[in-house]
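In this text, all values refer to a predicted model and were calculated from it rather than measured experimentally. In what follows, every chain begins at residue 1, and chains take the letters A, B, ... in the order their sequences are listed.
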2 protein chains.
Amino acid sequence: MDISEVVRRSGLPASTLRFYEQKGLIASVGRRGLHRVFAAGVLEQLSLIALGRAAGFSLNEIAAMFGADGRPRIERQRLLEKADELDQSIKQLTAMRDGLRHAAACSAPSHLECPKFRRLMGLAGAGVIGERRNGASGKK
Amino acid sequence: MDISEVVRRSGLPASTLRFYEQKGLIASVGRRGLHRVFAAGVLEQLSLIALGRAAGFSLNEIAAMFGADGRPRIERQRLLEKADELDQSIKQLTAMRDGLRHAAACSAPSHLECPKFRRLMGLAGAGVIGERRNGASGKK
DNA sequence: CCTTGACCTCAAGTCGACTTTAAGTAGCAA
DNA sequence: TTGCTACTTAAAGTCGACTTGAGGTCAAGG
């Protein structure tokens with residue numbers, strides 16, 4: 001497969017594939033002239049990378065999970081840790097979601113007058129509610 | 001209050017307070033010499049900002065929620081939208097968490113042999129599972 | 001054979017939310 | 001008055017995951 005086919009079948013832009021190759025996340029099996037040639041297995045690897053990203057692993061972490069052979073070497077322990085992290089996130093997001101729904105429905109003239117809202121504010125201010133950089137990206 | 005007191009009572013570094021002021025998220029009531037002087041209300045505002053951040057709003061979005069007076073002008077509609085986004089996130093994270101737990105427990109020799117794992121991979125590869133930049137930050 | 005356009009490389013740019021650094025100022029204690 | 005610091009500024013740097021741009025190569029189709 002040449003890169004354009006991988007682009008077509010993975011949905012990722014070529015720039016991302018080159019970037020992933022540079023980072024050691026995927027590898028081309030060789031070149032035809034200058035052009036990269038990929039094995040079919042790269043698609044599976046890309047799915048795995050997407051999965052890792054969705055689970056919240058960084059590209060570096062994901063890279064560390066691939067053996068030099070390209071096959072995944074995933075420690076079950078890491079998976080459980082990440083699952084626990086996700087549990088934490090889920091709890092926080094659930095609290096946040098409920099808080100937002102309440103605030104939207106709340107009859108208090110200003111949100112600042114609503115005790116529930118103030119409680120949520122207090123928690124966030126105290127850092128009890130995790131700092132997130134990005135959650136559900138509302139892509140166009 | 002001078003900036004050091006806000007630092008002490010909010011837990012945020014002074015650089016962040018200056019940055020927030022520059023972005024128009026907070027305002028000092030004046031200066032004593034060069035030194036900023038803050039009103040007590042700034043602490044409440046900072047909590048509100050923290051809350052907004054935790055809910056997944058960007059600083060710019062949060063800035064837009066404050067009237068020129070400094071009081072929040074929050075549209076209930078926005079809150080409901082964000083709550084729906086969070087619901088989406090929660091569903092995805094829950095699926096991911098369960099998938100990770102399964103993969104960790106799964107008896108298949110390689111994760112690639114596990115049908116559940118492969119299904120999750122497929123979903124992630126197809127972009128069905130949202131792209132996240134950061135979830136539960138495992139801070140030190 | 002020649003053109004075309006898909007591919008290549010390397011460097012730099014982007015985005016968000018801050019932090020860091022360098023250089024300067026001034027309130028307050030001694 | 002001196003001098004210590006805590007404060008000030010503006011600009012640049014950081015981090016992660018890519019994207020973009022400039023300039024170059026070459027495989028394939030006409």
If the cut-off is 4.0 Å, is [X] near the phosphate of [N], judged by side-chain N/O to OP1 or OP2?
| X | N | result |
| --- | --- | --- |
| A:Thr16 | D:dT19 | yes |
| A:Arg8 | C:dA6 | no |
| A:Ser4 | C:dC7 | yes |
| B:Arg53 | C:dC18 | yes |

Contact list please: residues 35-46 of chain B against DNA chain D, heavy atoms, distance less than 4.0 Å, in numerical order.
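Contacts with DNA chain D under 4.0 Å: B:His35, B:Arg36.
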Heavy-atom count around [X] [atom1] within 6.0 Å, excluding the residue itself: above 12?
| X | atom1 | answer |
| --- | --- | --- |
| B:Glu61 | CD | yes |
| A:Arg76 | CZ | yes |
| A:Arg32 | CZ | no |

Salt-bridge contact [X]-[Y] (side-chain N to carboxylate O under 4.0 Å):
| X | Y | answer |
| --- | --- | --- |
| B:Arg97 | A:Glu85 | no |
| A:Asp84 | B:Arg101 | yes |
| B:Arg36 | B:Glu21 | yes |
| B:Glu81 | B:Arg78 | yes |
| A:Asp98 | A:Lys116 | no |

Can you list, by residue number, the residues of residues 58-66 of chain B that have a non-hydrogen atom closer than 4.0 angstrom to DNA chain C?
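Going residue by residue through residues 58-66 of chain B, the ones with a heavy atom under 4.0 Å of DNA chain C turn out to be B:Ser58, B:Leu59.
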Rounded distance in Å - [atom1] ([X]) to [atom2] ([N]):
| X | N | atom1 | atom2 | value |
| --- | --- | --- | --- | --- |
| A:Asp2 | C:dG5 | CG | P | 17 Å |
| A:Leu12 | D:dA17 | CG | C1' | 12 Å |
| A:Phe57 | D:dG16 | CZ | P | 16 Å |
| B:Tyr20 | C:dA17 | OH | P | 8 Å |
| B:Ile26 | C:dC18 | CD1 | P | 12 Å |
| B:Ile49 | C:dC18 | CD1 | C1' | 14 Å |
| A:Gln22 | C:dA11 | CD | C1' | 11 Å |
| A:Arg31 | D:dC26 | CZ | P | 12 Å |

Could you check which of [options] has an atom nearest any side-chain atom of [X]?
| X | options | answer |
| --- | --- | --- |
| A:Arg18 | C:dT9, D:dC7, D:dT19 | C:dT9 |
| A:Leu34 | C:dC18, D:dC7, C:dC8 | C:dC8 |
| A:Phe19 | C:dT19, C:dC8, D:dT19 | D:dT19 |

Quick check: do [X] and [Y] have side-chain heavy atoms less than 4.5 Å from each other?
| X | Y | answer |
| --- | --- | --- |
| A:Arg31 | A:His35 | no |
| B:Phe57 | B:Lys82 | yes |
| B:Pro72 | A:Leu112 | yes |

If you restrict it to nitrogen or oxygen atoms, what contacts under 3.5 Å exist between nucleotides 28-30 of chain C and the protein, and what is each distance?
none

A:Ser58/A:Asn60 under side-chain hydrogen bond (donor to acceptor under 3.5 Å, both in side chains): CA gap, chis, key distance, verdict:
CA-CA 5 Å; A:Ser58 73; A:Asn60 286 339; 5.2 Å; no
